[in-house]
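All remarks here apply to the structure that follows.
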Amino acid sequence: MKKSAFLGTLTAATFAAGFATAGTLEDVKAADELKCGVATGLAGFAAADAAGVWQGFDVAVCRAVAAAVLGDGTKVKFVPTTGKTRFTALASGEIDMLARNTTWTFSRDVDLKFEFVGVNYYDGQGFMVPKALGVSSAKELDGATVCIQTGTTTELNLADFFRSNNISYEPVPIETNAEAQAQYLAGACDVYTTDASGLASTRATFENPADHAVLPEIISKEPLGPLVRHGDNQWGDIVRWTLNALITAEELGVTSANVGKTGMEAGKNPEVNRLLGTEGDLGAMLGLDKDWAARAIAVGGNYGEIFEKNIGEKTAIGIARGLNASWTDGGLIYSAPFR
């Protein structure tokens, strides 16, 4: 979910981030654990299951980084964060990376001193309403009460949309997706607005999802992706190229099932060889071993596998690839070359 902070939070996070220093890789290795900031609970993206094990699309990125760096994708401490707390947690060093449906924006990149390592989900803000409301367009929401997460760019997008369409609304502030769901289902608000992916995730958890509709308007661009602190280029490179490894693996046909097979490891495709460390030594450039990318892919699969397992059309979330298809299939998911 695309969150921006209020001025006070922005100032505090900027101040803290100004003292960020290099050495995250060493810290993670010394702790033998990756501290990864995630959502407080968003089905398909980041949520603890009945056994308390975190699962989801964003969770898989954390596990891939842990596998690349520590050799074990289970060596992750998941730290739930809200729209208000996530940036302070990253800036202060409470977490090593943030993988939490966070939108890449100018102010977050430049003013807050964070480094977005890439986009793992192209999204946009939408609206969900009960079908009983009889609304088919967001432009028909004049006077509606709207559940909106505080500390988010969603707030600004919402205000802009209603103002530009000369209609009014009454905000109902909430802090977590669970609170939004409870308020919305209780009738405290007519509308819930957040990223379209978040709406699909939330709707899938309803007892009667068919009673609710996501309206057709998408009112913003929300490029979501992992981020780290400015000032530690090595760590930024590790997280960036781990994400790129998952994306490139899908493009090249490297999967969790075949990544460890001899034929794949010593394949005829030079980029596969470089990716998996059987040709050259890209890992050394990151301060890692030759097998870092192979481990990252093995723990949860390539980008496509992660998408389909957690949020794809065959899951309860039911999201089509769309813009998040590989560039080879007409989508926007694209990695720089491994060479």
Side-chain angles (χ1 to χ4, degrees), residues 1 36 38-39 41-51 53-68 73-74 76 78 99-102 117-124 126 177 194-206 209 214 218 222-226 239 241-261 264 271-272 275-276 293-335:
M1 292 155 268
C36 196
V38 292
L42 185 63
F45 287 88
D49 62 19
V53 178
W54 283 86
Q55 307 285 354
F57 182 78
D58 292 325
V59 166
V61 175
C62 303
R63 295 198 189 283
V65 174
T74 67
V76 184
F78 292 100
R100 193 202 172 283
N101 303 73
T102 298
V117 302
V119 177
N120 72 331
Y121 194 96
Y122 289 92
D123 211 342
N177 187 65
T194 187
D195 294 341
S197 63
L199 296 178
S201 172
T202 300
R203 182 176 177 270
T205 66
F206 291 170
V214 176
I218 297 295
E222 307 295 336
L224 310 177
V239 179
W241 285 97
T242 298
L243 174 60
N244 282 340
L246 303 179
I247 292 169
T248 296
E250 179 183 18
E251 177 186 334
L252 298 177
V254 181
T255 69
S256 56
N258 66 24
V259 67
K261 293 185 177 179
M264 179 61 70
E271 189 163 19
V272 171
L275 175 69
L276 300 182
R295 291 194 301 271
I297 298 161
V299 72
N302 63 37
Y303 178 90
E305 290 179 279
I306 291 169
F307 191 104
E308 295 305 330
K309 175 184 176 181
N310 293 288
I311 58 176
E313 291 183 282
K314 294 182 180 180
T315 69
I317 312 302
I319 299 176
R321 288 290 294 268
L323 293 178
N324 295 296
S326 171
W327 70 281
T328 56
D329 294 321
L332 299 179
I333 297 299
Y334 187 108
S335 165

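All figures in this text were calculated on a predicted structure; none of them were measured in a lab. Side chains included, hydrogens not; waters and symmetry mates left out as well; all remaining heavy atoms used.
When all heavy atoms of Ser335 and Trp241 are compared, the closest pair comes out as OG-CZ3, 4.4 Å. In terms of heavy atoms, Phe78 sits closest to Cys62 at CE2-CB, 3.7 Å. Among all heavy-atom pairs drawn from Gly124 and Ile218, the shortest one is CA-CG2, 3.6 Å. Residues Gly300 and Glu305 approach most closely at O-CB, 4.2 Å, considering heavy atoms. Taking all atoms of both residues into account, the shortest heavy-atom contact from Ala46 to Val38 is CB-CB, 3.9 Å. Nearest heavy atoms, Gly73 versus Ala66: CA-CB, 4.2 Å.
Atom-to-atom distance recorded for Thr205:OG1 and Asn177:CG is 7.5 Å, nearest 0.5 angstrom. Separating the OG1 atom in Thr194 from the CG atom in Leu42 is a distance of 8.0 Å, to the nearest 0.5 Å. Rounded to the nearest 0.5 Å, atoms CG (Asn324) and CD1 (Ile333) are 4.5 Å apart. To the nearest 0.5 Å, the span separating CG on Leu252 from CG on Asn302 amounts to 9.5 Å. Taken from CD in Glu250 to OG1 in Thr328, the straight-line distance is 7.0 Å, to the nearest 0.5 Å. Rounded to the nearest 0.5 Å, atoms CG (Leu246) and CD (Glu251) are 13.0 Å apart.
Remark: Ala204 engages Ala316, Ile317 in a side-chain contact (heavy atoms from CB on, under 4.5 Å) (not counting sequence neighbours). The ring pair (Phe, Tyr, Trp, His ring centres under 6.0 Å) search around Phe45 returns Phe57, Tyr121, not counting sequence neighbours. The side-chain contact (heavy atoms from CB on, under 4.5 Å) search around Leu332 returns Tyr122, Leu323, not counting sequence neighbours. Applying the salt bridge (Lys or Arg N to Asp or Glu O under 4.0 Å) criterion to Arg63, with sequence neighbours excluded, gives no partner residue. By the salt bridge (Lys or Arg N to Asp or Glu O under 4.0 Å) test, Arg203 pairs with no residue at all, sequence neighbours left out.
The backbone N or O of Ala43 lies less than 3.5 Å from a partner atom in the side chain of Ser201, making a donor-acceptor pair.
Residues Asp329 and Arg321 are not in side-chain contact: their nearest non-hydrogen atoms beyond the backbone lie 4.5 Å or more apart. Annotation: side chain of Val76 is not in contact with side chain of Val65 (no heavy-atom distance under 4.5 Å). Residues Ile319 and Ser197 form a side-chain contact, since some pair of their non-hydrogen atoms from C-beta on lies under 4.5 Å apart.
Surrounding OH of Tyr334 are at most 12 heavy atoms belonging to other residues, nucleotides or ligands under 6.0 Å away.
Residue pairs meeting the side-chain hydrogen bond (donor to acceptor under 3.5 Å, both in side chains) criterion with at least one partner in residues 307-317, sequence neighbours excluded, do not occur; the list is empty.
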If you apply the rule side-chain contact (heavy atoms from CB on, under 4.5 Å), what do you find for Ile297 with Leu276, and how did you get there? CA-CA 9 Å; Ile297 298 161; Leu276 300 182; 4.2 Å; yes
Stepwise side-chain contact (heavy atoms from CB on, under 4.5 Å) test for Asn120 and Asp58: CA-CA 9 Å; Asn120 72 331; Asp58 292 325; 3.7 Å; yes
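The residue from Val254, Thr248, Val259 that alone fulfils the side-chain contact (heavy atoms from CB on, under 4.5 Å) condition with Val272 is Val254.
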